[in-house]
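Below: one structure, written as structure tokens.
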Amino acid sequence: MTLRLHDTATRETRDFVPLVEGRAGIYVCGLTVQSEPHVGHVRSAVNFDVLRRWLSATGHEVDFIRNVTDIDDKILTKSAEQGVHWYALAAAMKRELDKALSAINVLPPTYEPGATGHVPEIVELTEQLIAAGHAYAAEDGSGDVYFDVRSWPAYGELTRQKVDDMEPAGDADPRGKRDPRDFALWKGQKVGTEPDTAAWPSPWGRGRPGWHIECSAMAGKYLGPAFDIHGGGVDLRFPHHENEQAQSRAAGRPFASYWLHNAWITTAGEKMSKSLGNSLLVPEVLKRVRGQELRYYMVAAHYRSHVEFSFDALDDAAKAFQRIEDFLDRAAPVVGDWFASMPDAFVAAMDDDLGTPAAVAVIHDSVREGNRLLAAGPSDALSQKFGEVIAMLDVLGLNPADDAWAAAGGAGDKLTEVVDALVTGLLAERTAAREAKDWARADAIRDQIKNAGLDVEDTPAGPRWSIEAGTV
RNA sequence: GGUGGGUUGGCCGAGAGGCGAGGCAACGGACUGCAAAUCCGUCUACACGGGUUCAAAUCCCGUACCCACCUCCA
């Protein structure tokens with residue numbers, strides 16, 4: 001069985017054949033750190049984290065590069081509005097992003113390069129493009145350098161568009177462009193309006209990188225002229241990815257073999273950046289559900305499907321995940337030896353363009369079977385189901401035993417011990433009442449615990465408490 | 001104007017010619033002192049109109065509505 005991926009460049013789902021057997025080089029466009037991350041932003045990170053984990057799980061050594069755009073127009077505009085240094089804003093937002101991603105167990109990339117640290121590589125690539133006749137310094141003295149779209153016949157190949165059919169950029173400043181579709185590789189500093197700290201020396205005067213060039217330069221530096229997979233959100237296909245590919249290929253670099261694009265999480269049918277919604281910032285959402293549950297919500301939908309975000313659906317996802325967790329909690333004390341193994345159906349689902357919805361369905365199948373077996377006490381079959389569930393959750397980054405969750409939980413563990421001590425005392429009283437068939441007393445104790453926000457279940461191994469669903 | 005995606009049961013959300021994904025909710029049954037949890041079962045859906053086919057949610061044609069991108073974007 002081999003992994004098949006949907007390549008948006010060819011619009012085909014085809015076998016993944018890495019350039020070097022057993023290795024995979026992945027470049028993912030990360031965020032522009034200009035504001036706090038919302039759930040839409042982190043979906044992309046989760047989707048590509050799953051890809052990375054699956055490649056690792058199937059024996060690939062993965063080089064995973066995810067950039068962070070730490071200088072651009074928006075960062076400059078917003079920082080000016082807020083009266084802070086642009087680099088202070090970028091650094092603060094980067095910390096917020098890191099916090100949000102670790103809360104949902106997104107593994108850190110192999111390396112996370114930023115545009116500001118790669119100006120020499122960007123200048124070098126720009127010079128190559130000028131030498132090759134595909135870029136030119138603006139003749140208006142602005143210090144800008146543009147990619148010459150008309151000089152590259154393949155321009156538009158990624159998104160199947162013809163230059164002549166494209167809507168001319170109405171609001172774009174033509175400045176020194178030969179064609180309105182030409183895009184900036186280098187932006188000359190606007191002295192007086194842009195801070196000196198946001199300008200670097202170059203053969204064309206002081207300035208800063210254009211948006212697209214950084215990814216071409218950094219992908220080339222860390223993954224080489226040709227690499228396996230390039231990922232990002234659908235909105236990046238054009239212009240960002242189209243331009244990245246044009247630049248790179250015009251400079252003689254074959255670039256990515258496969259292009260993967262994740263779909264949106266929308267609210268009210270619209271992309272999140274268009275709706276206001278502070279409530280959708282990751283820290284806000286994590287007040288309602290845990291990181292595991294938010295991640296499950298994202299993984300339960302296919303990466304290429306639009307997800308219409310709703311708190312009701314999020315709550316449903318949290319319950320579904322708790323069902324899986326509950327099985328592990330109840331089975332753990334009785335399973336004995338077990339080993340991790342993935343059912344064929346799960347492997348087949350993941351190999352089919354990362355079919356996480358079907359993969360999650362397989363987890364639920366194993367959980368149901370495991371629950372059935374659990375009623376009969378320990379057995380090899382139960383241990384096997386337990387190992388299956390753990391293995392599958394691991395691949396999806398959802399293993400409840402993963403240290404990542406404990407780190408995100410903070411001081412919760414100590415509190416749990418305290419609650420456990422208190423509740424255990426009450427439950428002992430209730431057990432005594434039940435043995436005396438004093439049902440009124442037993443139920444009163446259970447109600448008291450329930451009113452505090454905890455559920456009580458009677459199991460063959462005795463009473464068990466848990467935090468009521470939805471109140472975590 | 002160009003390019004791409006979508007519309008599935010009470011809800012979320014898969015599937016891509018036959019064989020009921022899965023979850024949540026609801027209802028019935030088993031279990032329970034009563035519950036909870038769990039298991040078993042029920043609810044048989046594919047925007048609309050045509051067509052192809054032995055067979056269509058799936059393929060084709062048309063229609064409606066929605067969304068994204070066309071140089072700020074996950």
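Order of the sequence lines sets the chain letters (A, B, ...), proteins ahead of strands, with each chain counted from 1.
- Ring planes of A/Tyr146 and A/Tyr136: tilted class, angle from 30 to 60°.
- With P as the reference atom, B/A36 and B/A30 are 14 Å apart, rounded to whole Å.
- B/C60 and B/G20 have their P atoms separated by 25 Å, given to the nearest Å.
- Between A/His364 and B/G22 there is no side-chain polar atom (N or O) within less than 4.0 angstrom of OP1 or OP2.
- Cation-pi geometry between A/Arg295 and A/Phe321 is not met: the NZ or CZ atom fails to fall both under 6.0 Å from the ring centre and inside 45° of the normal.
- Considering only residues two or more places apart in sequence or on other chains, A/Glu325 meets the salt bridge (charged side-chain N to carboxylate O under 4.0 Å, His left out) condition with A/Arg290.
- Atom CG of A/Asp329 sits in a crowded spot, with more than 12 heavy atoms from other residues, nucleotides or ligands closer than 6.0 Å.
- Spacing of C1' atoms, B/C65 relative to B/A74, comes out at 26 Å, to the nearest Å.
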Taking only N/O atoms, report every protein-nucleotides 7-9 of chain B pair under 3.5 Å with atom names and distance.
none

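- Judged by distance alone, with hydrogens and angles left aside, A/Asp316 brings no side-chain donor or acceptor close enough to the base of B/G13 to form a pair under 3.5 Å.
- For B/U7 and B/C19, the C1' atoms lie 25 Å apart once the distance is rounded to whole Å.
- A distance of about 42 Å separates the P atoms of B/U42 and B/U63, rounded to the whole Å.
- Between A/Thr32 and the phosphate of B/C72, there is no side-chain N or O to OP1/OP2 separation shorter than 4.0 Å.
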Strictly under 3.5 Å: I want the nitrogen or oxygen pairs between protein and nucleotides 2-5 of chain B, one per line.
| unit_1 | atom_1 | unit_2 | atom_2 | d |
| --- | --- | --- | --- | --- |
| B/G2 | N2 | A/Gln161 | OE1 | 3.2 |
| B/U3 | O2' | A/Thr159 | O | 3.0 |
| B/G4 | OP1 | A/Arg11 | NH1 | 2.8 |
| B/G4 | OP1 | A/Arg11 | NH2 | 3.4 |

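- One N or O donor and one acceptor, one from the side chain of A/Lys74 and one from the base of B/C72, sit under 3.5 Å apart.
- Applying the salt bridge (charged side-chain N to carboxylate O under 4.0 Å, His left out) test to residues at least two apart or on different chains, the pairs with a partner in residues 387-400 of chain A are A/Lys385-A/Glu388.
- Checked against side-chain hydrogen bond (donor to acceptor under 3.5 Å, both in side chains), A/Glu244 has the following partners two or more places apart in sequence or in another chain: A/His230, A/His240, A/His241.
- A/Arg446 pairs by the salt bridge (charged side-chain N to carboxylate O under 4.0 Å, His left out) definition with A/Asp443, not counting sequence neighbours.
- If you check every strand for non-hydrogen atoms under 4.0 Å, A/Tyr155 touches a base.
- Distance CD (A/Glu457) to C1' (B/C31): 14 Å, rounded to an integer number of Å.
- As rounded to the nearest Å, B/C59 and B/A16 have P atoms that lie 10 Å from one another.
- Annotation: side-chain hydrogen bond (donor to acceptor under 3.5 Å, both in side chains) contacts of A/Gln161 (sequence neighbours excluded): A/Thr159.
- Taking the six-membered ring where tryptophan is involved, the planes of A/Tyr222 and A/His118 are perpendicular, since the angle between them exceeds 60° and thus also 30°.
- Classification of the A/Tyr303-A/Phe48 ring pair by plane angle, with boundaries at 30° and 60°, yields tilted.
- The aromatic rings of A/His134 and A/Phe147 lie parallel to each other, their planes meeting at an angle below 30°, with 60° marking the opposite boundary.
- Using P as the reference atom, B/A14 and B/A47 are 15 Å apart when rounded to the nearest Å.
- Between the side chain of A/Arg446 and the base of B/A35 there is at least one donor-acceptor pair of N/O atoms closer than 3.5 Å.
- At the heavy-atom level, A/His261 lies nowhere under 4.0 Å from the strands shown.
- A/Arg430 comes within 4.0 angstrom of a nucleotide base, judged by non-hydrogen atoms across all strands.
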Using atom names, set out every protein N or O paired with an N or O of nucleotides 39-42 of chain B below 3.5 Å, distance rounded to 0.1 Å.
| unit_1 | atom_1 | unit_2 | atom_2 | d |
| --- | --- | --- | --- | --- |
| B/C39 | OP1 | A/Arg323 | NH2 | 3.1 |
| B/C39 | OP1 | A/Asn371 | ND2 | 3.3 |
| B/C39 | OP2 | A/Arg323 | NH1 | 3.2 |
| B/C39 | O3' | A/Arg372 | NE | 3.4 |
| B/C40 | OP1 | A/Arg372 | NE | 3.4 |
| B/C40 | OP1 | A/Arg372 | NH2 | 2.1 |

Salt bridge (Lys or Arg N to Asp or Glu O under 4.0 Å) for A/Arg288 and A/Asp315? Distances and angles first, verdict last. CA-CA 9 Å; A/Arg288 186 182 179 107; A/Asp315 289 344; 2.7 Å; yes
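- Phosphate contact (OP1/OP2 of B/A14, side-chain N/O of A/Ser305, threshold under 4.0 Å): present.
- Two rings, from A/Phe227 and A/Phe255, have their centers less than 6.0 Å apart.
- Here A/Thr356 pairs with nothing under the side-chain hydrogen bond (donor to acceptor under 3.5 Å, both in side chains) rule; sequence neighbours left out.
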Dot-bracket summary - RNA chain B, pairs being Watson-Crick or G-U whose distances fall under 3.5 Å, with | when paired to another strand: (((((((..(((.....[...))).(((((.......)))))....(((((..]....))))))))))))....
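- The backbone N or O of A/Arg464 lies less than 3.5 Å from no partner atom in the side chain of A/Glu457, so there is not a single donor-acceptor pair.
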Could I get a table of every N or O pair under 3.5 Å where one atom is in the protein and the other is in nucleotides 26-30 of chain B?
none

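- Residue-level contact check: A/Asp312 touches neither bases nor backbone, having no heavy atom under 4.0 Å from any strand.
- In this structure A/Asp98 satisfies the side-chain hydrogen bond (donor to acceptor under 3.5 Å, both in side chains) test together with A/Lys94, sequence neighbours excluded.
- No salt bridge links A/Lys74 with A/Asp72; every basic N to acidic carboxylate O contact stays at or beyond 4.0 Å.
- Annotation: B/G6 and B/A45 have their P atoms spaced 23 Å apart (nearest Å).
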